[in-house]
Structure formats: C-alpha cells, structure tokens
> 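There's a structure below that I have some questions on.
We use all heavy atoms of the structure for the numbers below, so side chains are in, but hydrogens, waters and symmetry mates are not. Throughout, protein chains are lettered first and strands after them, A, B, ... in sequence-line order, and every chain is numbered starting at 1.
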Number of protein chains: 2
Amino acid sequence: MFSKATEYALRATIYIAKQGTEEKKISIEEISKAIDSPQSFTAKILQLLTRDNKVVSSVRGPNGGFFLTEKAKNLPVRAILQAMEEDQLLEKCVLGLKLCSELQPCPMHAQYKTIKQQLIKLFVTKTIRQLADDTLEGAVFINNKKPRKK
Amino acid sequence: MFSKATEYALRATIYIAKQGTEEKKISIEEISKAIDSPQSFTAKILQLLTRDNKVVSSVRGPNGGFFLTEKAKNLPVRAILQAMEEDQLLEKCVLGLKLCSELQPCPMHAQYKTIKQQLIKLFVTKTIRQLADDTLEGAVFINNKKPRKK
DNA sequence: ATAAATAAAGATAACTTTGTCTTTATTTAT
DNA sequence: ATAAATAAAGACAAAGTTATCTTTATTTAT
Ligand code: FES
Ligand code: FES
C-alpha cells in the first residue's frame, strides 16, 4: 500500500512516541535498530518528518535525538502520511483515473468508495499516541523480531 | 494503491472484455487509446496477462488482437492482480511488517483487518464481466476523457 | 509466394525509489 | 576553547518502475 519510506516513517514515529519525551530523546541508531530499518535511509525520512517540527522534533549534539511533543502525539496518523506527501494515496482511484469521484466514477468506484471512507476514517481518527500506547502494552509490534515470552 | 502497470492492466482488461469477443479482437492501438495509456507499455503489460492465456487471449496477424474468452470474463478481478504479481499487496501489513497476522500484529492491525477483509472480498467476488457490463451501461468510465452528453 | 498486419520479444532509456556514505552544523560536556 | 556526540545536508549508487523503440514471429489476404 505505502512506500517503504512511509512504512518506516510510521514505524519510526510510533517508536519515538512510545520511547521518547522531550527529556529522553532517541537516537537514529536506536530507532533504526528498534524498527528494523536501514539507518541512513531512516535518517533521511526523519528529516522529512521534522520539517518545521510538524510531526517529530529533534535536537542535535550530545544527548540529542528525536522526540514527539505531547501535542504532536495527539496528531492523527494521517499527519505522518501528509508529511511524507503520500496522503493523496488514500484518495486515489483504484484504476488510476485522475480523479476518484461520483462525477466520473470507474467501475470499481461504487463498491470501493465505502472501503475508502473507512480507510480515511481510520487514519484520521487514530492518533499517534493511541498507536504508541498499544505498543507499550506489549500486545503489538513494530518490527519483525520474534516476540519473547516473559 | 497499485502500480501504474496494474492500473493499466485493470483498465485494459475491462476494455477488452467490454469490446472484444473471440470473433472481434481488439488491437493494442485501440486499447491504449481507449484507456488513455502509453501504447508500448500497455503492450508489455498485456504480454503478462496473456501468459498461458490465463486472463487475456491474443492472436497475431491481420485481424488479430486481444479478447477474453467467456470463461475468462467470469474470473474474479483478483486474477488480474495475480497475473501482475501484485496480488500480495492486498495481504500486506500497512506498516510493512513481513507478515500481517494475529500472531504478531502491528498497532494498526486490529482496525485495519476488517478493511482488508472487505478489500479482498471485493476483488474476489467482483468478476471482470461485472465491471465490463457496468462500463457498457455508460454509467462508469475507464479513462480520463470528459463524458459526452448523448 | 508475397505482402501486410498484427502481437511477441528484446534492448535500452528515463525516471523514481531505496539505500549508503561523507561532510557539515549544532549542541553539550569537559 | 576543545572534543565528542549527535542530527542535517548533500552527493552518490543500486535497484526498481515506467516508457519507448527496434526486431522478430505469426497469421491472413491477395
Ligand atoms: S473513480 Fe475509481 S475508485 Fe473512485
Ligand atoms: S500486522 Fe500490520 S496490518 Fe496486520
């Protein structure tokens, strides 16, 4: 569905929200290890997410790293897609027509529409904080490593 | 959602199903004009769909072209995705984990799951014939040209 | 047989995405 | 002030996708 870059962006943001605060910032090394992603590429992606501190915040230097403000944690997950400029994917026509609309619908439109609406709703109503909290519970995962029994 | 190649594959197959029969085959030129796609690229894509005549059938030479057998028209739309080897996209984890499953779910899984099931159901239950028939009715479109009033 | 019309196959080019590496800027601790 | 630790920026490379062009094979009509 999403590009690799956006997948990493989602996982990285969730991890930072979960582990980091303004006081305890997370290094790119820790992030990429935790979410099982290529470090340099992930660094590039975080540069997009920190533009104007829109989603992720960062500080350079010793004890620097990435974190999310409390306010940012309340952003909808869609904000991550927007920062990655992959937001319009949710609106696209499945058959690749330039517009997905009632005006000139493709043959999949009528039935796809309701699915699309649910997708958009999911990304708009879910907040980054909610995803991070789920991860804290230990019930869900953001990497491919085998879960360890307690 | 899908690659350009798969988008063209879907539109081309629908057009061929709608316009073509074993007696009246459709040329690549007509297809690419009708669905508003690059001709040579579309030709390549049709080569994938005609492999073993799985979805589309073709004949070379004068009066040759592409068509769908009556049997092929009853295939689920998913067969097109399979021929394009983009079928697994429907099964993928939104966050890009290697597996999407209850065993090691990502934080989006619980809510995405039901959407995913609907998506899969749509592509499995819709047949190529159904899409082509909708297009014949004139109520839906498979290109970006302005609809003409009758 | 020959020519014409068509799709199939193959080579290649342009562009995008993914990924790495090096250098620079910033911040902190000493 | 200096050194160390960090992210930011930039240059590049590798791989994948999209697209075009040329040649070949097949079929039909004459
Ligand atoms: S027009 Fe194709 S999905 Fe809406
Ligand atoms: S595990 Fe991520 S969507 Fe199912």
> Mind checking B:I26 for me? I need base, sugar-phosphate or nothing, with any heavy atom below 4.0 Å counting as a touch.
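The residue B:I26 makes sugar-phosphate contact but no base contact.
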> Is the backbone N or O of A:T114 less than 3.5 Å from a side-chain atom of A:Q118, with the two atoms forming a donor-acceptor pair by type?
yes
> What is the distance, to the nearest angstrom, from the CD1 atom on A:I28 to the C1' atom on C:dG19?
13 Å
> Start at the 5' end of DNA chain C and walk down; is the nucleotide closest to B:V59 or to A:V59 reached first?
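Comparing both residues, the 5'-ward one is B:V59.
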> Is the closest side-chain heavy-atom distance between B:L97 and B:Q104 below 4.5 Å?
no
> Rounded to whole Å, how long is the line connecting atom CZ of B:F67 with atom C1' of D:dT27?
14 Å
> List, with names and distances, any nitrogen or oxygen atoms from the protein found under 3.5 Å away from nitrogen or oxygen atoms belonging to nucleotides 16-20 of chain D.
| unit_1 | atom_1 | unit_2 | atom_2 | d |
| --- | --- | --- | --- | --- |
| D:dT18 | OP1 | B:K4 | N | 2.9 |
| D:dA19 | OP2 | B:Y8 | OH | 3.2 |

> Take the protein atom CD1 of A:I45 and the nucleotide atom C1' of D:dA7, then report the distance between them rounded to whole Å.
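Those two atoms, CD1 and C1', are 15 Å apart.
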> Rounding to an integer number of Å, can you tell me how far A:L89 CG sits from C:dT16 P?
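Taking CG of A:L89 and P of C:dT16, I get 17 Å after rounding.
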> Can you check whether A:T50 has a side-chain N or O nearer than 4.0 Å to OP1 or OP2 of D:dA8?
yes
> Applying a 3.5 Å limit to both distances, which nucleotide forms a Watson-Crick or G-U wobble pair with D:dC12?
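The answer is C:dG19, by the H-bond criterion.
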> Counting only Watson-Crick or G-U wobble pairs whose two distances fall under 3.5 Å, which nucleotide matches C:dT28?
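Base partner found: D:dA3.
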> Look at the side chain of A:R60 and decide which nucleotide, out of D:dA8, C:dT28, C:dA8, has an atom nearest to it.
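The answer is D:dA8.
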> Could you state the atom-to-atom distance from CD of A:E29 to P of C:dC21 in whole Å?
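Distance, rounded to whole Å: 14 Å.
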> Side chain of A:Q47, base of D:dA7: donor and acceptor closer than 3.5 Å?
no
> Which base sits across from C:dA8 as a Watson-Crick or G-U pair, both distances under 3.5 Å?
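Result: D:dT23.
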> Expressed as a whole number of angstroms, how long is the span from A:K25:NZ to C:dT28:C1'?
10 Å
> Would the distance check show the side chain of A:D87 and the main-chain N or O of A:L81 forming a donor-acceptor pair, the cut-off being under 3.5 Å?
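Not confirmed, A:D87 side chain does not pair with A:L81 backbone.
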> So, does A:S27 get its side chain near the phosphate of D:dA5, meaning an N or O under 4.0 Å from OP1 or OP2?
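No, no such contact exists.
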> Only one of A:V140, A:V77, A:T13 passes side-chain contact (heavy atoms from CB on, under 4.5 Å) with A:L131; say which it is.
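Testing each of A:V140, A:V77, A:T13 against A:L131, the sole residue satisfying side-chain contact (heavy atoms from CB on, under 4.5 Å) is A:V77.
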> How long is the line joining CG of B:L48 and P of C:dA7, in whole Å?
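Rounded to the whole Å, the gap is 16 Å.
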> Picking from C:dA8, D:dA29, C:dT28, which would you name as closest to the side chain of B:N63?
D:dA29
